[in-house]
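Working notes, beginning with the structure itself.
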Amino acid sequence: MVMKKLVLSMVMAAVALGGIAATKVVAHRGYWKTGGSAQNSIAALVKADSIGCYGSEFDVWMSADGAIVVNHDPSFKGKRMEQTSFDELTALTLANGENLPSLEQYFDAARKCGTRLILELKVHSTPEREAEAVGKIVDMVKKYGYEDRMEYISFSLNACKEFVKQAPEGTPVLYLNGELSPAELKELGISGLDYHLSVLKKHPEWIEEAHKLGMVVNSWTIDNAADMVWLIEHGVDLITTNEPVVLKQLLSGTYGEK
Ligand code: MG
């Protein structure tokens, strides 16, 4: 309780500094820490939307036969994402009983949601496969008319460059891996950084540097209230979290209330 009060007073101080309004909530792999949900499930997307998250993050792979599916790990239930057919992958079931979703199914479900779609392309085995996956994703986004609600992220610099090349100009593309400065990313046409908290703590000056360059700053994966407060106080634009309700409470000043 003492800790909660302390955190809350830190947030109130951040509000006074005007840092709060800008920070937005991104649910990591959707809102999955709740009944009936699972990481990267359609339910997690719908639940992230239902609690008013600014964005819902999800991970995608390209199957052996060139279709895009939503899942985090390189292999799931013994099936390698890149070496397994689309039909086999989408027949697998997630922890909540849902089938592993295709990107198309995910986008169908997103029609009823207003949340932004934060798509992470996982690091694939070759740059060619990443380029092909980016092309397929961008085409599907166009088909659905979702151009204005997409943000692309990746640990692969190659994939980020492909999104910059293939997505419509102005689409946010954020790099995850942490070793490049904002100026270096800007040089590549990448519009923001989405870095681990440890990177931003090592280089807090990158936050202001990015903002001066007109870039966006996101941080992951922040589940601890004190860490959230540090990022809010430092003016980070987006926080990706497995605890979107906690972050929302912090931002609305209701954290710690009974
Ligand atoms: Mg991810």
Side-chain angles (χ1 to χ4, degrees), residues 22-30 40 42 45 48-49 53-63 66-71 101-124 126-177 180-195 209-220 236-240:
T23 305
K24 299 184 179 79
V25 181
V26 175
H28 182 238
R29 306 179 194 172
N40 282 311
I42 285 171
L45 167 70
D49 183 68
C53 292
Y54 167 83
S56 191
E57 188 261 1
F58 58 101
D59 306 287
V60 307
W61 286 97
M62 188 168 73
S63 68
I68 310 296
V69 297
V70 180
N71 198 66
S102 65
L103 184 60
E104 203 158 18
Q105 289 168 329
Y106 209 80
F107 279 179
D108 282 340
R111 280 205 194 287
K112 298 186 199 99
C113 305
T115 192
R116 285 177 73 81
L117 304 168
I118 318 294
L119 184 152
E120 179 182 348
L121 180 63
K122 302 309 290 183
V123 179
H124 282 59
T126 66
E128 292 76 18
R129 278 182 60 81
E130 288 181 347
E132 186 185 344
V134 168
K136 286 180 168 161
I137 292 162
V138 168
D139 283 350
M140 200 181 292
V141 165
K142 192 176 173 196
K143 192 180 111 188
Y144 278 81
Y146 287 171
E147 289 94 334
D148 292 339
R149 55 189 292 204
M150 298 305 300
E151 292 180 19
Y152 298 113
I153 60 175
S154 188
F155 281 96
S156 161
L157 192 57
N158 173 66
C160 287
K161 288 181 190 167
E162 287 295 334
F163 279 119
V164 169
K165 205 194 311 178
Q166 299 192 48
E169 212 182 319
T171 309
V173 177
L174 277 65
Y175 183 53
L176 292 164
N177 210 34
L180 296 177
S181 72
E184 288 169 317
L185 292 175
K186 179 93 177 175
E187 192 70 28
L188 299 169
I190 294 168
S191 52
L193 40 140
D194 186 353
Y195 286 172
E209 188 185 327
H211 288 158
K212 279 189 182 152
L213 292 168
M215 299 169 79
V216 174
V217 183
N218 192 334
S219 187
W220 55 271
V236 163
D237 305 287
L238 301 137
I239 296 175
T240 303

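Hydrogens, waters and symmetry mates are skipped; everything else that's a heavy atom, side chains included, is used.
- From K136, atom NZ reaches atom CD1 of I68 across 6.5 Å, with rounding to the nearest 0.5 Å.
- Note that the CG atom of L180 and the CD atom of E187 stand 11.5 Å from one another [nearest 0.5 Å].
- Summarising the geometry of A48 relative to A27, their closest heavy-atom pair is CB-CB, 3.8 Å, with the distance given to 0.1 Å.
- The salt bridge (Lys or Arg N to Asp or Glu O under 4.0 Å) check on E147 picks up nothing, with sequence neighbours excluded.
- For E151, the salt bridge (Lys or Arg N to Asp or Glu O under 4.0 Å) criterion is met by R116, not counting sequence neighbours.
- With a 4.5 Å cut-off on side-chain heavy atoms, L157 and K161 count as touching.
- L238 places none of its side-chain heavy atoms less than 4.5 Å from the side chain of V217.
- Salt-bridge check for K186 with E184: failed, with every basic side-chain N at 4.0 Å or more from each acidic carboxylate O.
- For R129 (side chain) and M62 (main-chain N/O), a donor-acceptor pair under 3.5 Å exists by modelled atom type.
- Side-chain contact between T23 and I239 is present, with at least one heavy-atom pair separated by less than 4.5 Å.
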One pair to check against side-chain contact (heavy atoms from CB on, under 4.5 Å): T171 and V164. What are the steps and the verdict? CA-CA 8 Å; T171 309; V164 169; over 6 Å; no

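- In terms of the side chain to side chain contact (heavy atoms under 4.5 Å, CB included) criterion, residue partners of Q166 (sequence neighbours excluded) are, by chain and number, A131, V134, V138, E162.
- Using a 4.5 Å cut-off on side-chain heavy atoms (C-beta onward), I137 and L121 make contact.
- Looking at every heavy atom in both residues, E209 comes nearest to P182 through OE2-CD, 3.7 Å.
- Using modelled atom types, one side-chain atom of S191 and one backbone atom of V173 make a donor-acceptor pair closer than 3.5 Å.
- For the pair I153/E57, a side-chain contact is recorded, criterion being any heavy-atom separation below 4.5 Å from C-beta on.
- Partners of Y54 according to the ring-ring contact (aromatic ring centres under 6.0 Å, His included) rule, which considers only residues two or more places apart in sequence or in another chain, do not exist here.
- Using a 3.5 Å distance cut-off with no hydrogens or angles, the side chains of N71 and N40 do not pair a donor with an acceptor.
- Among residues two or more places apart in sequence or in another chain, the side chain to side chain contact (heavy atoms under 4.5 Å, CB included) test is passed with T115 by L45, D49, C53, S56, C113.
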Does the side-chain contact (heavy atoms from CB on, under 4.5 Å) test come out yes or no for R29 and D59, once each step is laid out? CA-CA 7 Å; R29 306 179 194 172; D59 306 287; 3.7 Å; yes

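- Of all heavy-atom pairs spanning F58 and L103, the tightest one is CE1-CD1, 3.7 Å.
- Scored by the ring-ring contact (aromatic ring centres under 6.0 Å, His included) test, Y146 finds F107, Y144 as partners (sequence neighbours excluded).
- Checked by atom type, the side-chain pair N158/H124 shows no donor-acceptor distance below 3.5 Å.
- There is a side-chain donor-acceptor pair under 3.5 Å between S156 and E130.
- For the pair L119 and M150, the minimum side-chain heavy-atom distance is below 4.5 Å.
- Within the model, atoms OH of Y195 and CG of L176 stand 9.0 Å from one another, a figure rounded to the nearest 0.5 Å.
- The side-chain heavy atoms of D194 and Y175, taken from C-beta on, include no pair separated by under 4.5 Å.
- Ion pair E104/K143 flagged as a salt bridge, since at least one NZ, NE, NH1 or NH2 atom sits closer than 4.0 Å to an Asp/Glu carboxylate oxygen.
- Residues L174 and I190 have side chains not in contact (no heavy-atom distance under 4.5 Å, counting atoms from C-beta outward).
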